[in-house]
Amino acid sequence: MEDARRPIAVLTARRAGLVACTTCCKVHHPGEATCLRCGSSLHSRDPGSLQHVWAWWIAGLIMYIPANIYPMLRTASLGHETQNTIIGGVFELIAYNSYGVALIVFIASVIIPVGKFIAIAFLALSINRASILSAKARLHLYEVVEFIGRWSMLDVFVVAILSALVQFEFVANVHPGIAAVSFALSVAFTMLSAQSFDPRLIWDADEADPT
């Protein structure tokens with residue numbers, strides 16, 4: 001009697017010698033260099049996936065440092081100018097008893113970006129070493145990272161809206177600080193890092209180490 005606990009071998013496209021286009025999902029026989037439907041280059045796995053992931057990840061991390069050090073927002077009111085960093089803005093919102101807004105800004109500008117850095121690094125490292133998470137759990141983590149990435153732009157959206165609306169010359173003016181550009185670049189780079197990751201590598205690593 002066959003052991004029910006033994007993992008069932010699944011016939012994948014790669015094992016069958018087929019290659020799927022990552023752009024339009026059309027399946028091709030081996031030997032085809034470009035997709036017959038959309039013309040994209042065909043490859044069973046992205047050969048430079050991890051290199052691209054780490055390159056964009058490091059670039060995003062570098063941009064995230066000045067995003068937290070330099071002012072995100074410069075506010076001028078009756079000739080008096082104040083500058084706030086991301087964390088400084090959170091504390092100022094707390095001082096004005098805006099706890100809900102402070103929590104949203106803290107989660108969107110600190111928790112989510114840091115969590116994305118950790119999650120992307122974990123996924124990239126899990127390809128070449130044992131992982132405490134199953135392949136299915138890591139795929140779910142990858143989907144969460146891709147979905148939540150756009151919400152990290154909340155601070156940038158708020159700064160852009162305030163800068164466009166609050167322009168009353170000497171009375172009140174709002175201008176974005178250098179941190180707004182750094183933060184936007186950091187979010188963009190981490191999104192590119194996540195998109196560069198080939199999730200099929202997770203299944204390959206799981207098949208190589210079924211334990």
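Hydrophobic clustering of Ile, Leu, Val, Met, Phe, Trp and Tyr side chains at less than 4.5 Å, counting indirect connections, unites Leu192 with Phe183. There is no path of hydrophobic side-chain contacts, each under 4.5 Å, that joins Ile65 to Met63. Grouping the Ile, Leu, Val, Met, Phe, Trp and Tyr side chains by contacts below 4.5 angstrom, directly or via other members, places Phe197 with Ile118. When hydrophobic clusters are built by joining Ile, Leu, Val, Met, Phe, Trp and Tyr residues whose side-chain heavy atoms come closer than 4.5 Å, directly or via intermediates, Ile62 is not grouped with Ile178. Note: the hydrophobic cluster containing Val114 also contains Phe122 (ILVMFWY, side chain heavy atoms under 4.5 Å, direct or indirect links).
Judged by distance alone, the side chain of Ser49 and the main-chain N or O of Ser196 form a donor-acceptor pair under 3.5 Å. Looking only at distances, no side-chain donor or acceptor of Ser109 sits under 3.5 Å from a matching main-chain atom of Phe106.
Of the inter-residue distances, the one linking Ile202 atom CD1 with Leu141 atom CG reads 8.0 Å to the nearest 0.5 angstrom. Taken to the nearest 0.5 Å, the NZ atom of Lys116 stands 12.5 Å off from the CG atom of Leu61. Here the CG atom belonging to Leu50 is positioned 5.5 Å from the CG atom belonging to Leu201, to the nearest 0.5 angstrom. A distance of 9.0 Å separates CG in Leu103 from CD1 in Ile94, rounded to the nearest 0.5 Å.
Minimum interatomic distance between Val187 and Thr190 (heavy atoms only, all atoms of both residues): O-OG1, 2.8 Å. The shortest heavy-atom contact between Ile148 and Ile112 is CD1-CD1, 3.9 Å. Annotation for Ala108 and Pro113: closest pair O-CD, 3.3 Å, computed over non-hydrogen atoms. Summarising the geometry of Cys38 relative to Cys24, their closest heavy-atom pair is SG-SG, 3.7 Å, with the distance given to 0.1 Å. Considering all non-hydrogen atoms of both residues, Ser186 and Phe117 come closest at OG-CZ, 3.8 Å.
Residues Phe189 and Tyr64 place their aromatic rings such that the two centres sit no closer than 6.0 Å.
Ser193 is linked by a side chain to side chain contact (heavy atoms under 4.5 Å, CB included) to Val53, Trp56, Trp57, Ile120, counting only residues two or more places apart in sequence or in another chain. Residues that satisfy the side chain to side chain donor-acceptor pair (under 3.5 Å) test with Tyr142, not counting sequence neighbours, are Glu146.
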